[in-house]
Structure formats: C-alpha cells, structure tokens
Amino acid sequence: QVQFVESGGGLVQPGGSLRLSCAASGFTLDYYAIGWFRQAPGKERERVSCISSSDGSTYYVDSVKGRFTISRDNAKNTVYLQMNSLKPEDTAVYYCAADLTPPDMHTGQAVCGSFGDFGYWGQGTQVTVSS
C-alpha cells in the first residue's frame with residue numbers, strides 16, 4: 001500500500017521548535033518532489049514547503065521563510081520539516097504528499113509542481129502552538 005506516515009507533531013509554546021517526519025511506505029521517494037502542506041480549522045489547505053527530487057531545490061511559503069527548513073533522506077525514505085520560532089498561526093494539521101508528475105526524461109529531476117499534482121496524502125500530524 002502506497003502511503004505517507006507523518007509524525008512529530010504536538011503542543012509547543014510560541015517560539016518553540018518541532019521536527020516533523022514524513023515516512024514513505026510502499027514506494028521509493030527518490031524520484032519524487034515532496035511537499036509539506038497544512039490545514040488550519042476553517043481554512044483551505046496550503047502548501048508550506050517543497051523539495052525537488054535530487055538537486056535540493058526548495059520552496060517555502062512567505063509566512064515560514066527563515067523559520068522552517070525542509071530536507072530529505074532518501075536512504076531512510078523520509079522527508080523532514082524542521083520548524084523553529086513557531087507562532088500560534090502555525091497551528092494546523094500538517095500533511096506531506098508527493099508530486100506525481102513524472103521526472104524530466106532528460107535530467108531525471110522531479111520538481112515541485114502545482115497543488116493539483118500532489119497525491120499519496122498521509123493522515124497528517126497535529127501541530128498546536130499555544131501558551
């Protein structure tokens with residue numbers, strides 16, 4: 001069964017840190033760009049960050065730039081999201097997903113595409129930032 005399993009969420013005070021993990025099961029991450037998304041109550045799901053398959057290119061939404069860092073360990077089939085200086089507005093369920101667009105046939109690189117290109121959604125992990 002193809003799926004992601006997210007972990008590492010929890011309750012943290014403002015200014016604190018968390019490290020989220022996204023472990024792939026049933027497929028190999030190596031050939032996919034992977035994104036982290038979040039959805040707060042009453043709001044639409046938004047893409048927070050994304051990392052390409054092999055050249056390390058990353059994307060961050062403006063609200064998390066300088067505070068969040070995405071990374072991947074293909075040997076462990078896992079992608080991480082290090083979240084520092086957390087704010088109450090970061091409270092949400094965090095999900096990871098894979099961009100299902102095939103890699104470039106010449107470079108073998110898979111880059112972060114549009115929101116609709118993503119699939120293999122996990123169940124999410126809750127992050128709550130509150131004092």
Side-chain angles (χ1 to χ4, degrees):
Q1 183 179 2
V2 174
Q3 65 178 358
F4 281 112
V5 178
E6 301 93 340
S7 62
L11 173 64
V12 63
Q13 293 186 342
S17 298
L18 285 173
R19 188 194 194 203
L20 305 184
S21 296
C22 168
S25 176
F27 73 106
T28 301
L29 281 180
D30 298 35
Y31 308 111
Y32 295 89
I34 306 297
W36 279 100
F37 300 76
R38 67 185 178 187
Q39 188 165 19
K43 294 187 177 181
E44 294 186 352
R45 192 171 296 188
E46 69 168 344
R47 184 166 57 181
V48 174
S49 183
C50 189
I51 186 167
S52 63
S53 63
S54 55
D55 72 355
S57 298
T58 56
Y59 158 85
Y60 299 94
V61 69
D62 285 346
S63 59
V64 308
K65 284 181 179 178
R67 300 189 298 121
F68 290 11
T69 303
I70 190 171
S71 62
R72 64 192 297 156
D73 186 339
N74 288 346
K76 295 184 178 180
N77 222 27
T78 302
V79 174
Y80 304 96
L81 186 67
Q82 177 67 42
M83 305 187 298
N84 299 329
S85 302
L86 283 161
K87 304 175 180 180
E89 51 263 44
D90 295 318
T91 295
V93 179
Y94 284 71
Y95 303 86
C96 58
D99 188 322
L100 302 182
T101 306
D104 183 280
M105 62 183 300
H106 301 293
T107 66
Q109 170 86 308
V111 298
C112 299
S114 303
F115 190 106
D117 295 331
F118 285 81
Y120 299 165
W121 295 92
Q123 295 300 306
T125 184
Q126 176 70 47
V127 172
T128 302
V129 185
S130 175
S131 56

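As the structure is a prediction and not an experimental result, all values here were calculated from the model.
- Taken together through direct or relayed side-chain contacts under 4.5 Å among Ile, Leu, Val, Met, Phe, Trp and Tyr, V48 and Y59 form part of one hydrophobic cluster.
- Between the side chain of S85 and the main chain of R67, no donor-acceptor pair closer than 3.5 Å is present.
- Separating the OG1 atom in T91 from the CG atom in L11 is a distance of 8.5 Å, to the nearest 0.5 Å.
- A donor and an acceptor atom, one from each side chain of Q13 and S131, are nowhere located under 3.5 Å apart.
- A side-chain contact (heavy atoms from CB on, under 4.5 Å) with M83 is found for one member of V64, D90, V12, V127 and no other, namely V127.
- Judged by distance alone, with hydrogens and angles left aside, the side-chain atoms of R72 form no donor-acceptor pair with the main-chain N or O of A33 at under 3.5 Å.
- Grouping the Ile, Leu, Val, Met, Phe, Trp and Tyr side chains by contacts below 4.5 angstrom, directly or via other members, places V2 with L100.
- The nearest pair of heavy atoms linking S53 to G108 is OG-O, 4.0 Å.
- The backbone N or O of Q123 lies less than 3.5 Å from a partner atom in the side chain of E6, making a donor-acceptor pair.
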**Q.** F37 vs W121, ring-ring contact (aromatic ring centres under 6.0 Å, His included): CA-CA, chis, key distance, verdict
**A.** CA-CA 10 Å; F37 300 76; W121 295 92; 4.7 Å; yes
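- No chain of hydrophobic side-chain contacts below 4.5 Å, direct or via other Ile, Leu, Val, Met, Phe, Trp or Tyr residues, connects V93 to Y80.
- With contacts defined as side-chain heavy-atom distances shorter than 4.5 Å, the pair V79/W36 qualifies.
- With rounding to the nearest 0.5 angstrom, the CZ atom of F4 is 14.5 Å from the OH atom of Y95.
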Please output the side-chain donor-acceptor pairs of residues 14-32 that fall under 3.5 Å, not counting sequence neighbours, one pair per line with the distance.
from : atom 1 : to  : atom 2 : distance (Å)
S17  : OG     : N84 : OD1    : 2.9

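- Distance CG/L81 to CZ/R38: 9.5 Å, rounded to 0.5 Å.
- Summarising the geometry of Q39 relative to K43, their closest heavy-atom pair is NE2-O, 3.2 Å, with the distance given to 0.1 Å.
- For the pair T125 (side chain) and Y94 (backbone), a donor-acceptor distance under 3.5 Å is absent.
- A distance of 8.5 Å separates OG in S71 from CD in Q82, rounded to the nearest 0.5 Å.
- Salt bridge D62/K65: present, at least one basic N to carboxylate O contact under 4.0 Å.
- By the 6.0 Å contact criterion, CD on E89 is enclosed, its count of non-hydrogen atoms from other residues, nucleotides or ligands being greater than 12.
- The nearest pair of heavy atoms linking Q109 to S52 is NE2-OG, 3.7 Å.
- How far CZ of F118 is from SG of C112: 5.0 Å, rounded to the nearest 0.5 Å.
- Between the CD1 atom in I70 and the OH atom in Y60 there is a gap of 6.5 Å [rounded to 0.5 Å].
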